[in-house]
Asks: 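Pasting a structure here, questions to come.
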Amino acid sequence: MKEKLIDLFEYTYHFNSEMIKAISENLPKIDETTINLINHTLNAQQIWNSRILNEKTFEVWQVNSFDGLNEINYQNFQKSIKIVNDFDFDQVVEYKNSRGAKFENTVFEMLFQAINHSTYHRGQINSRLKQSGIDPLLTDYIFYKR
């Protein structure tokens, strides 16, 4: 299971990097919503990691310096891998969501949420790129594995 999750986080890291690159190469054509979505995608992974690691979280919709997005993506990847290697996937973690409501989920559920959430928002970003006249990226997992 660890190897499979590591593979999925490598996939997530790779295509988050490719999205950041595509956006940076086309900044004059990129709208605010697209910038917000790439930030949110990275923020969410940071938030899930931080909940597991009991660290300070980003705000859900905070806008980070564009020049720092690759570093945030890298730190997210490193921390996700650390969690995969160091935590019991069945461990239950209690946390508060962005509205202050208390929840608990297993480490596996939280890790899978981070991966799935990133995939969902990369699809939204691709739609925004296409609307802006920019070729969308082929980010399907199977393309990554080919």
Side-chain angles (χ1 to χ4, degrees), residues 1-89 91 93-99 103 105-146:
M1 179 65 79
K2 283 185 179 187
E3 295 81 17
K4 298 293 184 194
L5 278 173
I6 289 170
D7 181 57
L8 290 172
F9 278 112
E10 288 171 344
Y11 157 74
T12 298
Y13 173 71
H14 173 78
F15 280 118
N16 284 348
S17 296
E18 291 298 308
M19 279 292 172
I20 294 166
K21 180 181 174 190
I23 292 168
S24 69
E25 290 173 349
N26 294 282
L27 271 177
K29 297 180 180 179
I30 301 298
D31 65 5
E32 183 180 357
T33 300
T34 304
I35 296 296
N36 289 341
L37 283 169
I38 190 62
N39 275 278
H40 174 70
T41 302
L42 299 175
N43 294 345
Q45 186 176 352
Q46 190 277 346
I47 290 166
W48 286 109
N49 285 340
S50 293
R51 287 173 177 164
I52 296 166
L53 296 169
N54 197 28
E55 297 177 350
K56 184 173 176 1
T57 66
F58 285 1
E59 295 296 320
V60 174
W61 289 102
Q62 82 181 40
V63 177
N64 306 290
S65 163
F66 197 81
D67 293 338
L69 294 185
N70 281 309
E71 180 60 24
I72 292 169
N73 188 37
Y74 179 73
Q75 289 301 318
N76 284 345
F77 173 68
Q78 292 295 316
K79 287 188 178 193
S80 294
I81 298 305
K82 177 180 177 35
I83 293 165
V84 168
N85 286 321
D86 295 351
F87 280 75
D88 176 352
F89 296 152
Q91 177 183 337
V93 176
E94 295 179 14
Y95 62 94
K96 291 181 182 177
N97 72 1
S98 61
R99 295 185 184 113
F103 293 95
N105 289 94
T106 66
V107 168
F108 176 82
E109 290 166 342
M110 295 166 84
L111 291 173
F112 187 75
Q113 169 62 22
I115 293 164
N116 193 52
H117 187 261
S118 294
T119 303
Y120 172 76
H121 285 301
R122 282 193 303 271
Q124 288 183 311
I125 293 167
N126 260 337
S127 290
R128 306 285 312 175
L129 293 177
K130 188 172 183 177
Q131 290 170 11
S132 298
I134 302 163
D135 289 336
L137 302 175
L138 296 175
T139 60
D140 287 344
Y141 179 74
I142 203 69
F143 291 117
Y144 173 73
K145 294 311 287 184
R146 287 179 185 163

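Note: hydrogens, waters and symmetry copies are ignored here, and every other heavy atom, side chains too, is used. Just so you know, residue 1 is the first one in the sequence shown, and it goes up from there.
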Asks: Rounded at 0.5 Å granularity, tell me how far OG in S24 sits from CG in D67.
Replies: 9.5 Å

Asks: Counting only heavy atoms not in N54, do more than 12 fall under 6.0 Å of its CG?
Replies: no

Asks: Cation over ring, R122 on Y13, under 6.0 Å and within 45°?
Replies: no

Asks: Please step through side chain to side chain contact (heavy atoms under 4.5 Å, CB included) for the pair I134 and I23, ending with a clear verdict.
Replies: CA-CA 9 Å; I134 302 163; I23 292 168; over 6 Å; no

Asks: Got a donor-acceptor contact below 3.5 angstrom from the N126 side chain to the L137 backbone?
Replies: yes

Asks: Answer yes or no: does atom CZ of F112 have more than 12 heavy-atom neighbours from other residues, nucleotides or ligands under 6.0 Å?
Replies: no

Asks: Given side chain to side chain contact (heavy atoms under 4.5 Å, CB included), test N70 with N16 step by step and report yes or no.
Replies: CA-CA 9 Å; N70 281 309; N16 284 348; over 6 Å; no

Asks: Rounded at 0.5 Å granularity, tell me how far CD1 in I81 sits from CD1 in I6.
Replies: 5.0 Å

Asks: To the nearest 0.5 angstrom, please state how far the CG atom of N43 sits from the NE2 atom of H121.
Replies: 10.5 Å

Asks: Quick check: closest heavy atoms across I52 and V93, and the distance to 0.1 Å?
Replies: CA-CG1, 4.3 Å

Asks: Looking at M19 and I38, what are the two nearest heavy atoms and their distance?
Replies: CB-CD1, 4.0 Å

Asks: Side chain of Y11, backbone of D140: donor and acceptor closer than 3.5 Å?
Replies: no

Asks: Between K145 and D7, does at least one N-O distance fall below 4.0 Å, as a salt bridge requires?
Replies: yes

Asks: Any donor and acceptor pair, going by atom type alone, linking the side chain of S118 with main-chain N or O of A114 inside 3.5 Å?
Replies: yes

Asks: For the CG atom on D135, are there more than 12 heavy atoms of other groups (residues, nucleotides or ligands in this structure) within a distance under 6.0 Å?
Replies: no

Asks: Going through the distances and angles, do F89 and K2 end up as a side chain to side chain contact (heavy atoms under 4.5 Å, CB included)?
Replies: CA-CA 9 Å; F89 296 152; K2 283 185 179 187; 3.7 Å; yes

Asks: Looking at H117, Q62, Q124, which one forms a side chain to side chain donor-acceptor pair (under 3.5 Å) with H40?
Replies: H117

Asks: Donor-acceptor pair, distance only, cut-off 3.5 Å: does the side chain of N76 make one with the backbone of L42?
Replies: yes

Asks: Any non-hydrogen side-chain atom of L5 less than 4.5 Å from a side-chain atom of L111?
Replies: yes

Asks: Distance from Y74 atom OH to I72 atom CD1, nearest 0.5 Å?
Replies: 14.5 Å

Asks: Under the side chain to side chain contact (heavy atoms under 4.5 Å, CB included) rule, what do T106 and Q91 come out as? Steps first, then yes or no, please.
Replies: CA-CA 5 Å; T106 66; Q91 177 183 337; over 6 Å; no

Asks: Please tell me if the side chains of I20 and F66 come closer than 4.5 Å, counting only heavy atoms from C-beta onward.
Replies: yes

Asks: Looking at K96 and F103, would you say the former's side chain and the latter's main chain have a donor-acceptor pair under 3.5 Å?
Replies: no

Asks: Quick one: are K79 and E55 in side-chain contact, heavy atoms under 4.5 Å?
Replies: yes

Asks: Should we count CD of E25 as having more than 12 external heavy atoms under 6.0 Å?
Replies: yes

Asks: From L37 CG over to E32 CD, what is the distance, rounded to the nearest 0.5 angstrom?
Replies: 10.5 Å

Asks: Looking at OG1 of T34 and CZ of R128, how far apart are the two atoms once the value is rounded to the nearest 0.5 Å?
Replies: 5.0 Å

Asks: Please check this pair: side chain of N39 against backbone of I35, looking for a donor-acceptor N/O pair closer than 3.5 Å.
Replies: yes

Asks: Could you check E10, Q46, Q45, Q75 and say which one makes a side chain to side chain donor-acceptor pair (under 3.5 Å) with S80?
Replies: Q45

Asks: Hey, are the side chains of F108 and M1 touching, using non-hydrogen atoms and a 4.5 Å cut-off?
Replies: yes

Asks: Taking N97 for its side chain and R99 for its backbone only, find out whether a donor-acceptor pair lies under 3.5 Å.
Replies: yes

Asks: In a check of ring-ring contact (aromatic ring centres under 6.0 Å, His included) between W48 and each of F58, Y95, F9, which one passes?
Replies: Y95

Asks: Check this for me: Y141, atom OH, are more than 12 non-hydrogen atoms of other residues, nucleotides or ligands nearer than 6.0 Å?
Replies: yes

